[in-house]
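Quick note: numbers below take in every heavy atom, side chains included, and nothing from hydrogens, waters or symmetry partners. Residue numbers count from 1 along this sequence.
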Amino acid sequence: MNGSVQNTITSVQAMMIVINTIIGAGVTTLPRDAGKASGTPDAWISVILGGLITLLACYVVGRLSQRFPGQTFFQYSLQIWGKPIGKILGFLLILYFFLIAAWQIRAMGELIRFYLLDNTPIEVIMLVFLWIGVYLADGGIRPIARLCELFFPVLVISLLLTLFLALNDFRLDNIRPILGDGILPVIKGLKSTCLSFTGFEVMLVIAAFMKDPKQAMKAVTIGVLAVIPLYALVVFVTYGAMTFEESKSITWPLMSLAKTIDIPGGFFDRFEALISVMWVIANYTSFVPNYYLACQGMSSLFKKDYRVFLLGLLPLVYMVSIFPENLNVVMKLGASIGYFDILPGGLVPLVCLIMAKIRRIGIAKG
């Protein structure tokens with residue numbers, strides 16, 4: 001898409017963007033969402049199976065991206081379908097990126113207000129992070145990739161540290177018996193857990209910025225494979241330390257898990273505050289790519305510099321994020337966005353790949 005060296009990323013950086021985008025979208029609420037969907041402590045099995053199913057969608061996204069090296073979905077969808085339909089499909093992807101970015105800003109504001117800045121108006125918190133996000137996105141994809149690369153080990157280490165410290169309260173009886181209610185509840189839980197892996201769709205666009213587009217498949221696949229065990233551990237340890245019934249009734253189970261951790265010596269009086277900061281970073285590194293890619297999509301459709309839309313979409317993102325009247329509506333909005341993602345993350349890429357092969361458009365082998 002852009003031949004400038006300053007605007008290219010490596011396959012490792014692309015993988016980091018995928019991982020950060022997925023994790024930041026809902027790791028703190030995963031035990032609750034998976035538990036409600038499955039109805040049993042076996043939800044961690046649903047997470048694993050949901051991740052494996054997501055790999056099928058990753059295969060389609062990776063193959064489609066490799067077929068059109070140097071082009072984003074917004075560009076090659078026009079070649080596959082023609083301008084009218086191609087622009088509609090491109091707009092669907094833009095709408096997804098836009099909605100998930102707006103939801104993340106609101107969810108981040110709610111959590112910060114609840115755990116860190118309870119006397120600060122949520123509007124102020126959201127506006128600050130919006131402007132910081134715009135500042136980073138203004139530099140292009142490379143600074144975003146570097147930030148994801150920088151914070152990835154911090155995010156993973158803090159997450160694993162939380163789970164390790166929580167093992168002190170872990171009781172295996174809380175998750176027994178495994179498959180006590182059969183396999184059906186696990187299958188029911190797939191509906192929610194598959195949606196928790198939303199975020200890999202960024203490869204439809206960022207593959208165009210990769211130095212080696214042939215590595216798109218590898219980057220998105222490894223990215224999802226890295227998240228699967230992390231997600232499964234989060235659900236497994238949370239249920240074992242807090243019980244299943246409690247986990248599925250709390251808004252942010254992972255934060256509540258961190259709150260139960262007591263470090264000897266008083267080194268940290270509020271361990272959840274530290275984890276809150278880590279989660280804010282994770283959400284930020286998920287919000288920025290989504291917002292940036294929404295602006296890139298608008299840039300492709302309207303033939304304008306993406307920086308025009310960085311500022312132009314800002315008021316609209318804020319209005320959508322502030323629209324939900326309470327936290328319950330925010331969570332319902334997040335679930336609705338997850339269901340909407342079935343189109344840009346699943347059906348649309350699959351149909352596009354099939355049509356590209358039928359019409360013999362793009363590189364047949366990538």
What pair of heavy atoms forms the shortest contact from [X] to [Y], and how long is it?
X	Y	value
T162	S158	OG1-O, 2.8 Å
V61	G345	CG2-O, 4.4 Å
A166	L257	CB-CD1, 3.7 Å
I9	A145	CG2-CB, 3.6 Å
L313	C295	CD1-SG, 4.0 Å
S247	M242	OG-CB, 3.8 Å

(request) Using a strict 4.0 Å threshold on nitrogen-to-oxygen distance, state whether D305 and R307 make a salt bridge. (result) yes

Quick one: does [X]'s side chain get under 4.5 Å of [Y]'s, heavy atoms only?
X	Y	value
P289	T285	no
Q296	T72	no
L147	Y284	yes
M126	R106	yes
D42	I45	yes
N174	R171	yes
W81	I88	no
V60	L56	no

Under 3.5 Å, side chain of [X] to main-chain N/O of [Y], donor-acceptor pair present?
X	Y	value
S46	V186	yes
T21	G199	no
R63	L353	no
Q215	D212	no
N20	M16	yes
S65	M203	yes
Q66	M217	yes

To the nearest 0.5 Å, how far apart are [atom1] in [X] and [atom2] in [Y]?
X	Y	atom1	atom2	result
T10	R146	OG1	CZ	10.0 Å
F309	M298	CZ	CE	5.0 Å
M15	C148	CE	SG	11.5 Å
E201	F97	CD	CZ	7.0 Å
Q13	F152	CD	CZ	13.5 Å
I175	I178	CD1	CD1	5.5 Å

(request) Can you sort out the partners of K248 under salt bridge (charged side-chain N to carboxylate O under 4.0 Å, His left out), two or more places apart, ordered by chain and number? (result) E245

(request) Please identify each residue that fulfils salt bridge (charged side-chain N to carboxylate O under 4.0 Å, His left out) with E246, with sequence neighbours left out. (result) none

Hydrophobic clustering (ILVMFWY, side-chain heavy atoms < 4.5 Å, transitive) - are [Y] and [X] grouped together?
X	Y	result
W103	V128	yes
I342	L350	yes
I157	I22	no
Y318	L316	yes
M319	F323	no

(request) Fit a plane to each ring of Y239 and F244, take the angle between them on a 0 to 90° scale, and name the class: parallel (under 30°), tilted (30 to 60°) or perpendicular (over 60°). (result) perpendicular

(request) Describe, in one word, how the ring planes of Y76 and F73 are oriented to each other, choosing from parallel (under 30°), tilted (30 to 60°) and perpendicular (over 60°). (result) perpendicular

(request) Please assess S38 against K188 for the test side chain to side chain contact (heavy atoms under 4.5 Å, CB included), listing each intermediate value before the final yes or no. (result) CA-CA 5 Å; S38 66; K188 289 173 59 179; 5.7 Å; no

(request) Using only heavy-atom distances, determine whether the side chains of Q79 and Q71 contain a donor-acceptor pair under 3.5 Å. (result) yes

(request) Evaluate the criterion side chain to side chain contact (heavy atoms under 4.5 Å, CB included) for residue pair L95 and F340; output intermediate values, then yes/no. (result) CA-CA 10 Å; L95 183 60; F340 171 68; 3.9 Å; yes

(request) State yes or no: are the ring centers of F170 and F236 separated by less than 6.0 Å? (result) yes

(request) Please check if the distance between the ring centroids of Y292 and Y306 is under 6.0 Å. (result) yes

(message) side chain to side chain contact (heavy atoms under 4.5 Å, CB included) for R32 and I250? Distances and angles first, verdict last.
(response) CA-CA 7 Å; R32 184 202 65 189; I250 301 174; over 6 Å; no

(request) Step by step, work out the salt bridge (charged side-chain N to carboxylate O under 4.0 Å, His left out) result for E110 and R113. (result) CA-CA 5 Å; E110 291 284 357; R113 183 174 63 172; 3.1 Å; yes

(message) Let's go through V220 and Y59 carefully: what are the C-alpha distance in whole Å and the side-chain angles of both, what is the deciding distance for side chain to side chain contact (heavy atoms under 4.5 Å, CB included) to 0.1 Å, and is it a yes or a no?
(response) CA-CA 8 Å; V220 69; Y59 173 81; over 6 Å; no

